[in-house]
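Here the structure comes first, spelled out in C-alpha cells, and everything after it is commentary.
All residue numbers refer to positions in the sequence shown, counting from 1. These numbers come from the heavy atoms of this one structure, side chains and all, not from hydrogens, waters or symmetry mates. Quick caveat, the model's predicted, so the values are computed rather than measured.
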Amino acid sequence: MHIQFQPITPQHSHFEPMSRLYQASFPPDERRPVSQLRQIAQSESRFSILGIAIPQAEAHGSPQFAGFIAYWHFGTFIYVEHLATQPQLRSQGLGKTLVEHLQSMFRGLPIVLEVEPAVDHVTTRRIAFYQRLGFRLHTRYRYMQPAYSPATQPLPLRLMTCHLTPRCHITLRQMAQTIAREVYQNYY
C-alpha cells in the first residue's frame with residue numbers, strides 16, 4: 001500500500017473530511033470548535049495537521065483521506081493534540097504509521113500527549129498502543145487537561161512521553177505549563 005503524508009491546511013481538500021473525523025472521534029470536552037481549529041491552522045505557525053492518505057480501491061482515483069495527527073512544535077518538545085483514523089480503516093496500522101512518521105520527523109525531540117486513565121478496555125488499549133510506540137505513561141504526575149472553552153470542563157487525564165530523558169532541557173511540569181498556556185488559555 002502506497003501511503004502519502006500531506007500537511008492539511010484549511011485550503012486543502014482533506015480539511016473538511018478531517019474536520020468531520022475530528023468531530024466524530026472526540027467528545028466536545030476534548031476538542032475545540034472547528035471554526036477555532038480552522039483559525040489556529042491558518043494563523044498559528046507552531047500548529048500543524050499531518051494527514052495520511054491511501055490509494056482508492058479504483059486504481060485511478062485520488063488518494064483517500066485515512067486519518068490525521070494534529071500537533072504543536074514548541075521548539076524543545078512536540079505536543080500531540082489529536083490523532084484519529086477513519087473508523088473503517090482502523091486496526092490497519094495507520095495510526096502507528098502516523099506516530100512513527102512524526103517521531104522520525106522530530107528525531108529525538110521529546111513528544112508528549114494526553115490520554116484518558118485506563119478505566120476500561122478502550123482506554124487500556126489506547127495506552128498500550130502508545131507504549132508499543134515507545135511512550136511512557138506518567139501515572140504519578142497529576143494532570144488536568146484545561147478546558148477548551150468556557151462551556152467545557154477540565155478533564156483529569158494522564159501524560160505520556162517519548163524521548164524525554166534526564167538530559168532533556170525540559171521537564172514534564174514545564175511541558176504541562178506550556179500546553180496549558182499556549183494550547184488552551186491563549187485560544188478562549
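- Note that the CG atom of Leu94 and the OG1 atom of Thr85 stand 6.0 Å from one another [nearest 0.5 Å].
- In this view, Phe5 and His101 satisfy the ring pair (Phe, Tyr, Trp, His ring centres under 6.0 Å) rule, not counting sequence neighbours.
- Contact annotation: the side chain of Arg90 never approaches that of Gln86 to less than 4.5 Å [non-hydrogen atoms, C-beta and beyond].
- Each of Arg46, Glu114, Glu182 was compared with Tyr79 under the side chain to side chain donor-acceptor pair (under 3.5 Å) criterion, and only Glu114 meets it.
- Residues Gln11 and Gln42 have side chains in contact (heavy-atom distance under 4.5 Å, counting atoms from C-beta outward).
- Here the closest non-hydrogen pair linking Asp29 and Gln145 is O-OE1, 3.7 Å.
- Summarising the geometry of Met175 relative to Pro110, their closest heavy-atom pair is CE-CB, 3.5 Å, with the distance given to 0.1 Å.
- Taking the six-membered ring where the residue is Trp, Phe77 and Phe74 present tilted rings, their angle falling between 30° and 60°.
- Across every non-hydrogen atom of Ala53 and Gln6, the tightest pair is CB-OE1, 4.1 Å.
- Pro17 meets the side-chain contact (heavy atoms from CB on, under 4.5 Å) test with Arg20, Phe65; sequence neighbours excluded.
- In this structure the side chain of Val115 never reaches within 4.5 angstrom of the side chain of Leu157, judged on heavy atoms.
- One side chain, Ser43 or Gln39, offers a donor N or O that lies under 3.5 Å from an acceptor on the other.
- Between Gln174 and Thr171 there is a side-chain heavy-atom pair separated by less than 4.5 Å.
- In terms of the ring pair (Phe, Tyr, Trp, His ring centres under 6.0 Å) criterion, His163 has no residue partners (sequence neighbours excluded).
- Nearest heavy-atom pair across Phe26 and Ala84 is CE1-CB, 4.1 Å.
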For the pair His73 and Phe106, evaluate ring pair (Phe, Tyr, Trp, His ring centres under 6.0 Å) and give the outcome as yes or no after the intermediate values.
CA-CA 9 Å; His73 188 309; Phe106 300 107; 4.9 Å; yes
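- Taking the six-membered ring wherever Trp is involved, the centroid distance between the rings of Phe68 and His82 does not fall below 6.0 Å.
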Test side-chain contact (heavy atoms from CB on, under 4.5 Å) on Met160 and Ile111; report intermediate values, then the result.
CA-CA 8 Å; Met160 295 188 78; Ile111 299 174; over 6 Å; no
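- A distance of 8.0 Å separates CG of Leu113 from CG of Leu159, quoted to the nearest 0.5 Å.
- Among all heavy-atom pairs drawn from Val34 and Ser19, the shortest one is CG1-OG, 3.7 Å.
- Salt bridge annotation for Glu81-Arg31: absent, with no cationic side-chain nitrogen under 4.0 angstrom from a carboxylate oxygen.
- The main-chain N or O of His121 is never found under 3.5 Å from a side-chain atom of Thr124 such that the two would form a donor-acceptor pair.
- Rounding to the nearest 0.5 angstrom, the gap separating the CD atom in Gln23 from the CE atom in Met18 is 9.5 Å.
- In this structure, Val80 and Val99 have side chains that are not in contact, with every pair of non-hydrogen atoms separated by 4.5 Å or more.
- With values rounded to the nearest 0.5 angstrom, Ile8 atom CD1 is found 11.5 Å from Ile69 atom CD1.
- Here the side chains of Met105 and Leu50 are in contact, with some heavy-atom distance below 4.5 Å.
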How far apart are the C-alpha atoms of Phe129 and Leu83, what are their side-chain angles, what is the distance that settles it, and do they pass the side-chain contact (heavy atoms from CB on, under 4.5 Å) test?
CA-CA 12 Å; Phe129 165 78; Leu83 168 69; 4.0 Å; yes
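- When all heavy atoms of Leu109 and Gly75 are compared, the closest pair comes out as CD1-O, 3.7 Å.
- To the nearest 0.5 Å, the span separating OG1 on Thr9 from CZ on Phe15 amounts to 8.5 Å.
- In this structure, Tyr143 and Leu155 have side chains that are not in contact, with every pair of non-hydrogen atoms separated by 4.5 Å or more.
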Run the numbers on Tyr148 and Gln36 for side-chain hydrogen bond (donor to acceptor under 3.5 Å, both in side chains), then give the verdict.
CA-CA 10 Å; Tyr148 269 105; Gln36 187 183 70; over 6 Å; no
Working note: Leu102 + Ile78, criterion side-chain contact (heavy atoms from CB on, under 4.5 Å); need CA distance, chi angles, decisive distance, verdict.
CA-CA 9 Å; Leu102 187 75; Ile78 304 298; 4.2 Å; yes
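- In this view, Gln88 satisfies the side chain to side chain donor-acceptor pair (under 3.5 Å) rule with no residue, not counting sequence neighbours.
- Residues meeting the side chain to side chain donor-acceptor pair (under 3.5 Å) test with Arg126, sequence neighbours left out: Glu116.
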I'd like a table of donor-acceptor pairs (distance under 3.5 Å, sequence neighbours excluded) in which one partner is a side-chain atom from residues 132-142, with atom names and distances.
from   : atom 1 : to     : atom 2 : distance (Å)
Arg136 : NH1    : His138 : ND1    : 3.4
His138 : NE2    : Thr161 : OG1    : 2.7

Report the C-alpha distance between Arg32 and Val183 in whole Å, list the side-chain angles of each, state the deciding distance to 0.1 Å, and finish with yes or no for side-chain contact (heavy atoms from CB on, under 4.5 Å).
CA-CA 10 Å; Arg32 56 185 86 247; Val183 175; 3.4 Å; yes
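- The shortest distance between side-chain heavy atoms of Tyr71 and Ile49 does not fall below 4.5 Å.
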